[in-house]
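Note sheet for the following structure.
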Amino acid sequence: MLRVGQHVDISAYEAVISLCVGTGDWRAALKAFERYLEGVRSAGALPPLATFRTLVRGLQKAGQVDAAAAILHIALRGASSSSSSGAAAPSLPVADEQLCSVVLDLCAETGRMTLAETIVDAMHDRGVPAGNVTHCILVKGYGRQRRAHRVDAALRGMRRARVAPDVVTLNAAVDAYVRCGELRRAEQVVRAMEASVLSSSGGGGDSGAVAPNTRTYNTLIKGLGKAGRLDEAFATLEAMAVSGCEADSVTANSLIDACVRCGQLDRAYALLLRSFSVVSGGSSSSSSSIDVSSSGSSSSGGGASRGSIGSSGSSSGSGSSSSGGGLSFAGGAVPSVHAFTAVLSGFADAGDMARALTVLELMERSGVTANLVTYTALLGACVKAGALPEARRLFEGLRAKGQRDPALRPNTITYNTLIVGLCRLAEREEADMRQEWGGEGGVQDRADRDIMAPVCALPSGIQEALKLLLDMKHNGVAASETTINSILDGVVSLTPPRMAEAEAIRQLMTQLGLIPNSVTYSIMIKGYGRVGNLEAARAAFGALLRDPRACPDVVALNSYLDACVRCGDLPAALSTLDAAAQNLAVGSSAAAASSSTSASSGGAGSAGSSAASNNASNSTGSSSAAGSSGASTGSSSGGAGSSGGVDAAVLAAALDVRPNTVSYTTVVLGLARSANVYAGRKAMALYYEMRARGVPPDAVLVDVLLRACCNARARAGALSPQDGRRILADLRALGWDEAVLAEKAEMLSAVVPAISEVWKEGEEGGGGADEQQRQAAREPTASSMLFDKYGWNRIESRFKLF
DNA sequence: CTAGGGTTAG
């Protein structure tokens with residue numbers, strides 16, 4: 001139907017293009033545009049801006065970032081006036097900021113910020129002004145990538161360009177910082193906005209005051225909820241009142257969501273109950289009675305408190321029972337379907353199917369209609385609870401409803417949710433099978449496993465997931481990166497991981513026009529780590545670092561650290577962590593912090609960097625094939641260095657990731673399990689380094705460390721209860737709960753004093769140490785380097801598979 | 001530019 005003739009009138013192209021865009025056929029639109037270009041190019045001209053706009057909008061709708069960027073660049077390059085007259089007047093770009101920002105926003109939403117940067121550069125070169133919208137999109141994009149320092153840089157760049165931020169941009173900044181977990185920064189922006197109003201109203205001048213609005217505060221509430229600061233989230237209502245911002249239903253939803261995030265599900269539920277004074281048949285709802293502890297008292301407060309949204313008692317002292325407080329929502333600030341969905345998925349996460357269903361019921365009684373998101377959350381609840389038959393039934397029900405109401409047709413995320421469930425089912429399936437095999441007359445040895453190996457072909461859950469992928473295609477639902485990643489994670493989480501299948505599925509991704517992202521790489525790294533193939537894990541990590549389309553995140557880093565640890569290459573883990581930790585050196589104390597930590601970390605630091613530089617010389621480009629095509633890491637790439645990990649140069653240049661608590665925990669765990677004499681000291685050094693760099697310890701890390709302190713054998717350098725007590729003292733300084741600390745202290749004191757304790761007497765004072773210990777303390781680097789190289793205890797990879 | 005659903009790390 002779209003056969004475009006060679007000699008069509010120019011204006012016909014425009015009609016064809018907008019027709020194609022209207023029907024969503026972006027390929028045809030592109031093709032028509034190409035012809036159009038050919039037609040006008042001989043005259044040294046370009047299609048008008050309006051045509052570019054139509055086409056780019058179409059590509060935006062279809063999520064075709066690269067095509068949109070290519071088209072934009074044509075517009076930016078402008079008409080090439082190299083026609084008959086040779087070098088003519090400089091061409092003018094057929095692009096304005098608005099057109100650029102459409103593509104930029106697409107980049108921001110798809111995580112393609114490198115591409116966005118090239119566009120911004122091109123805008124600059126072609127003299128297209130970058131105003132608030134452009135800068136705002138950059139802030140948004142980096143925020144979605146959770147790259148706080150890039151957000152900083154974008155805001156600085158804006159100031160340098162002398163563009164005064166407006167509310168929209170500042171709200172974007174607040175949101176970006178919230179997404180990065182940089183709540184302090186977010187608060188700073190909000191406080192600055194508030195202050196700007198005060199100072200300008202005082203001075204009377206029209207200085208760049210930007211007043212916060214409802215969205216500003218709603219975003220802040222979201223952040224406070226994410227940070228677990230529930231009381232402050234509620235207290236924000238007062239700040240809003242002061243600023244003259246009216247709470248709206250988003251405010252109400254955000255507060256309820258904050259309750260959910262902070263684990264106060266009952267409180268969240270109570271707030272829903274009160275906001276909708278459910279007048280229906282009273283006790284007729286008893287079938288779904290929910291034992292929310294405050295439900296009894298809510299009947300008394302229910303009717304009276306429909307006045308305003310103001311909080312009268314945000315005490316909330318002991319968790320859920322005092323939950324509702326005197327707070328309720330009214331007027332335009334009534335929670336909506338979003339709040340119900342948030343509470344529903346809260347119960348879903350807790351694995352509480354029954355209560356999730358109760359929320360659905362309350363919702364219906366309240367006259368709020370569930371949407372696809374709600375049903376998807378319910379589907380997630382089924383999956384979480386392991387109720388696969390129910391999940392399938394719900395899914396089919398949605399399919400049926402979708403016939404009548406297109407809004408309820410399963411979308412990509414709905415499919416993904418079910419796919420995840422099926423993959424989890426597959427794991428269980430295999431676990432059951434292993435149990436069966438393990439029994440009497442089951443699999444006893446390797447030969448037996450060989451016999452059973454064919455049964456290990458992909459379990460039916462995975463097969464069903466793949467069938468759903470096909471189903472998506474037939475129903476015109478686009479698979480996303482997440483779809484494939486979910487299946488990938490499914491095969492990689494099996495025991496043993498099926499790496500051959502994983503590679504095949506990863507290829508599928510490319511075939512579907514999807515771009516492997518950091519999650520994809522992380523999954524592959526995890527899989528190779530689990531099968532004990534460190535070379536392949538390393539190649540995948542290296543490929544991620546040099547893949548211009550992917551943005552490495554901390555999870556990828558942690559996956560790689562875990563792979564190193566699992567495969568027994570602790571030096572590589574240490575050097576990689578060390579390289580990443582350079583990104584933590586911020587602020588004025590950076591130099592002092594880094595020098596003091598490298599001194600205190602002794603062997604760890606120096607061994608690490610030497611391993612890294614070692615590697616730089618011999619493995620440059622060894623895994624180059626994976627460069628742009630993603631993690632095609634096969635098992636072929638063997639030539640990587642023997643220790644140390646990825647090229648130091650690549651690491652330094654591309655590892656724009658700050659290690660977090662998990663990163664340190666992963667390595668500390670490896671050290672704690674190591675039999676190396678210095679591992680214990682390194683673990684402690686790492687703990688202090690982490691603290692010095694502002695990474696907070698968490699319960700898991702402390703647990704790992706303290707357990708190691710208890711298990712320590714009597715040996716110089718091993719962790720001891722004494723080390724444990726130091727950690728506890730440090731945690732006390734951090735303000736950890738005394739009861740928790742006391743419990744841990746007791747655990748430590750229950751340890752039978754080892755000989756190492758005796759050695760440690762007066763260690764701080766310097767005297768009386770064993771000769772061996774003294775030597776270790778004085779020259780840890782040289783000897784531990786050797787140990788790093790040869791002496792580490794290889795952690796046996798338990799899943800050497802069949 | 002703001003609220004709800006899915007995927008990754010110990």
Side-chain angles (χ1 to χ4, degrees), chain A residues 105 108 132-133 136-137 139-140 143 165-176 178 213-223 225 248-258 260 335-346 348-349 370-381 383 411-421 423 480-490 492-493 517-526 529 553-563 565-566 659-670 698-701 703-704:
Chain A
D105 193 58
N132 240 304
V133 177
C136 177
I137 292 169
V139 169
K140 164 187 167 179
D166 59 9
V167 217
V168 177
T169 303
L170 290 179
N171 283 349
V174 175
D175 184 60
V178 162
N213 59 19
T214 300
R215 286 188 170 192
T216 316
Y217 288 107
N218 288 345
T219 309
L220 184 61
I221 289 173
K222 175 180 74 168
D248 62 8
S249 91
V250 175
T251 317
N253 291 336
S254 303
L255 285 169
I256 290 174
D257 180 59
V260 172
S336 66
V337 57
H338 301 274
F340 283 96
T341 305
V343 179
L344 192 156
S345 68
D349 283 343
N371 61 22
L372 180 60
V373 178
T374 316
Y375 286 119
T376 303
L378 194 62
L379 186 66
V383 162
N411 67 9
T412 305
I413 297 178
T414 318
Y415 273 96
N416 289 350
T417 307
L418 184 55
I419 284 173
V420 168
C423 292
S480 69
E481 278 81 4
T482 304
T483 315
I484 307 297
N485 285 342
S486 301
I487 303 177
L488 256 186
D489 189 57
V492 148
S493 300
N517 58 23
S518 188
V519 177
T520 315
Y521 286 99
S522 296
I523 295 170
M524 299 303 288
I525 292 166
K526 163 181 154 187
D553 62 9
V554 68
V555 179
L557 170 68
N558 294 345
S559 299
Y560 179 60
L561 291 175
D562 184 54
V565 165
R566 275 177 189 269
N660 61 11
T661 309
V662 177
S663 319
Y664 282 95
T665 306
T666 305
V667 179
V668 165
L669 185 73
D698 71 358
V700 179
L701 172 66
D703 232 51
V704 164

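Sequence lines set the chain letters: A, B, ... in the order given, protein chains first and strands last, and positions in each chain run from 1. Predicted model, so just to flag it, every value in this text is computed and none were measured.
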What's the [atom1]-[atom2] distance between [X] and [N], to the nearest Å?
X: A:His338; N: B:dA3; atom1: NE2; atom2: P; value: 10 Å
X: A:Asp349; N: B:dG6; atom1: CG; atom2: C1'; value: 11 Å
X: A:Ile256; N: B:dG5; atom1: CD1; atom2: C1'; value: 17 Å
X: A:Asp489; N: B:dT8; atom1: CG; atom2: P; value: 5 Å
X: A:Asn660; N: B:dA9; atom1: CG; atom2: P; value: 13 Å
X: A:Tyr415; N: B:dG6; atom1: OH; atom2: C1'; value: 15 Å
X: A:Ile419; N: B:dT8; atom1: CD1; atom2: P; value: 13 Å
X: A:Asp698; N: B:dA9; atom1: CG; atom2: C1'; value: 12 Å

Identify which nucleotide among [options] has an atom closest to any side-chain atom of [X], counting heavy atoms from C-beta outward.
X: A:Thr417; options: B:dG6, B:dT8, B:dC1; value: B:dG6
X: A:Asn253; options: B:dG6, B:dA3, B:dC1; value: B:dA3
X: A:Asn558; options: B:dT8, B:dG6, B:dA9; value: B:dA9
X: A:Ile523; options: B:dG10, B:dG5, B:dT8; value: B:dT8
X: A:Lys222; options: B:dG10, B:dC1, B:dA3; value: B:dA3
X: A:Val555; options: B:dG4, B:dA9, B:dG5; value: B:dA9
X: A:Val168; options: B:dG5, B:dC1, B:dG10; value: B:dC1
X: A:Leu372; options: B:dT8, B:dG5, B:dC1; value: B:dG5
X: A:Lys140; options: B:dC1, B:dG4, B:dG10; value: B:dC1

Looking just at side-chain N and O atoms, do [X] and [Y] make a donor-acceptor pair shorter than 3.5 Å?
X: A:Thr214; Y: A:Asp248; result: no
X: A:Asp166; Y: A:Thr169; result: yes
X: A:Ser663; Y: A:Asn660; result: yes

Using a cut-off of 4.0 Å on non-hydrogen atoms, how would the nucleic acid contact of [X] be classed: base, sugar-phosphate, or nothing?
X: A:Asp257; value: sugar-phosphate
X: A:Asn132; value: nothing
X: A:Asn411; value: base
X: A:Thr374; value: nothing
X: A:Val420; value: sugar-phosphate

CG on A:Leu418 to CG on A:Leu379, rounded to 0.5 Å: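 Those atoms lie 5.5 Å apart.
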
Straight-line distance of A:Thr216 OG1 to A:Ile221 CD1, nearest 0.5 Å: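 Going from the OG1 atom of A:Thr216 to the CD1 atom of A:Ile221 covers 11.0 Å.
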
Do [X] and [N] share a donor-acceptor pair, side chain to base, under 3.5 Å?
X: A:Thr665; N: B:dG10; result: yes
X: A:Ser480; N: B:dG6; result: yes
X: A:Ser486; N: B:dG6; result: no
X: A:Asn371; N: B:dG5; result: no

Passing option when A:Ile413 is tested against A:Val373, A:Thr376, A:Thr482, A:Leu372 for side-chain contact (heavy atoms from CB on, under 4.5 Å): A:Thr376

